[in-house]
Protein chains: 2
Amino acid sequence: MPVGLSAQELTQLDTLIAGRKKVPKGSPLYKAGDAFHALYAVRTGFFKTEVNTQDGRGQVTGFQMMGEIMGLDGIVQDQHSCDAVALEDSEVCVMPYARIEELSMRFEPLRRHLHKVMSREIVRDQGVMLLLGIMRAEERVAAFLLNLVQRMHVRGFSQSEVVLRMTRREIGSYLGMKLETVSRVFSRFAEDGVVDVNQRHIVIRDPAALKAMVTSQSAHCTT
Amino acid sequence: MPVGLSAQELTQLDTLIAGRKKVPKGSPLYKAGDAFHALYAVRTGFFKTEVNTQDGRGQVTGFQMMGEIMGLDGIVQDQHSCDAVALEDSEVCVMPYARIEELSMRFEPLRRHLHKVMSREIVRDQGVMLLLGIMRAEERVAAFLLNLVQRMHVRGFSQSEVVLRMTRREIGSYLGMKLETVSRVFSRFAEDGVVDVNQRHIVIRDPAALKAMVTSQSAHCTT
DNA sequence: CGACACCTTGAAGAGGTTCAAGAAATGTGG
DNA sequence: CCACATTTCTTGAACCTCTTCAAGGTGTCG
């Protein structure tokens, strides 16, 4: 992550990662209430984070892909406040929080990076609130797709093509709507020639049309 | 904030606060796009934070009262991503971020505190997403009122009485609904004897009834 | 191959929005 | 201190978007 360090410093930084952990599809990396020990960086695969209520309802709060950090929610109460579940066979880097704390004392770049990661998450959450608060169904789906391909593109994948790792229900949960509505919006987009939809395989034919729906692209963060 | 420090350390910590700033009612403490210099702690008064879209729509992302921190959104991009506006004549403590960074290197308690503050904000945002994503109008208003009086109570105010500092429109924006709906829900609560509503003066007559509406009290953070 | 989860589509229904009007409170200037 | 303008709040009625319920189709995995 950080740059501009001596070889010795880099060696020390390596100790930040205690190891890797495989998480099979459908398994939780952690669950709400679990003791908080570490932050996790997605190495391979795809995750969702989800908060659940007593009465069984739940809300997907985010999808995480390669390079993204999970577990920040656990710091404040020394326990996690949401579930992190792998949507496909995945692997994460385990970064024990005690070690992060210790190293962040000595290495300014790491400390600054950590603060930015947390701040980025806060800004991302603002974007989700905007989405849930004022957008209608089509805008939400358009924003979701654009955000997804943009993040994939940064990682070297196609800008116009994406395979969804999550179900319609999970998309709907994230966007604050029912799975049927998600499906209908996809169908409408397909009719209008904006996207091609083949189950979970999406091709964006008219990105401009999608962007036009999301006039409200403000503090919409990429993470 | 932190405890268990020597007198000398405490003196240094005092330098964290560069000064105070008065913010008149209706004025912004900062606006989206402003350069990021400092974090702010509310000393007196009441604020809202708000993200705005190009097309003029906006979403209130939070209300801040005494002791709560604003500005964390600015860290990641060195500029703020939302507006912070005083809802009444207010005063904040200005904590230059450069100094926070510097002191947090030396003082573990401060560093830990900062990380918890940021993590708490992330958990709070999860609660708002839950609210916006799955709750219906009455649940949202009930959750809002309970959260508000709970925070006031922690600060030594009544557990059953509160004067709203924000308009119906601002409540609605925060809760993802229209001001008319907020008004109607208040009226319905009043009819049912759950609360007394006199303009912005609210008396909670049946807190249990409110809590029962919010079966979904999970990771609902207090901040 | 069969069971199961996932997706699509239709029709009816509900919750919240929109539009509109009036009342109450707040602020301003004479 | 009062009159007036402005903002805020309440309430009603029509409307609309999304949800709910239901059925059938498609894909997937043991």
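Just so we're on the same page: letters track the sequence lines, and every chain starts at 1.
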What bend angle does the helix from C:dC1-D:dG30 to C:dG30-D:dC1 show across its length, from five-pair end axes and to the nearest 10 degrees?
50°
Assess whether one donor atom and one acceptor atom, taken from the side chain of A:Arg184 and the base of C:dG10, lie less than 3.5 Å apart.
yes
Rounded off to whole Å, could you give me the CD-to-C1' distance for the A:Glu180 and C:dA12 pair?
14 Å
Could you state the atom-to-atom distance from CD of A:Glu191 to C1' of C:dT8 in whole Å?
12 Å
Proximity to DNA chain D (any heavy atom under 4.0 Å), residues of residues 162-171 of chain B only:
B:Thr167, B:Arg168
Roughly how many Å is it from CD1 in A:Ile134 to C1' in C:dG16, rounded to a whole number?
17 Å
Distance below 4.0 Å between B:Thr181 side-chain N/O and C:dT17 OP1 or OP2
yes
salt_bridge(A:Glu121, A:Arg124) N-O dist < 4.0 Å
yes
Start and end of chain B contact along DNA chain D [non-hydrogen atoms, under 4.0 Å]
D:dT8 to D:dA13
Could you work out which one of C:dT17, C:dC7, C:dG16 sits closest to the side chain of A:Arg200?
C:dC7
Quickly work out the A:Gln199 CD to C:dC6 P distance and round it to whole Å.
12 Å
Are any non-hydrogen side-chain atoms of A:Lys21 and A:Glu91 less than 4.5 angstrom apart?
no
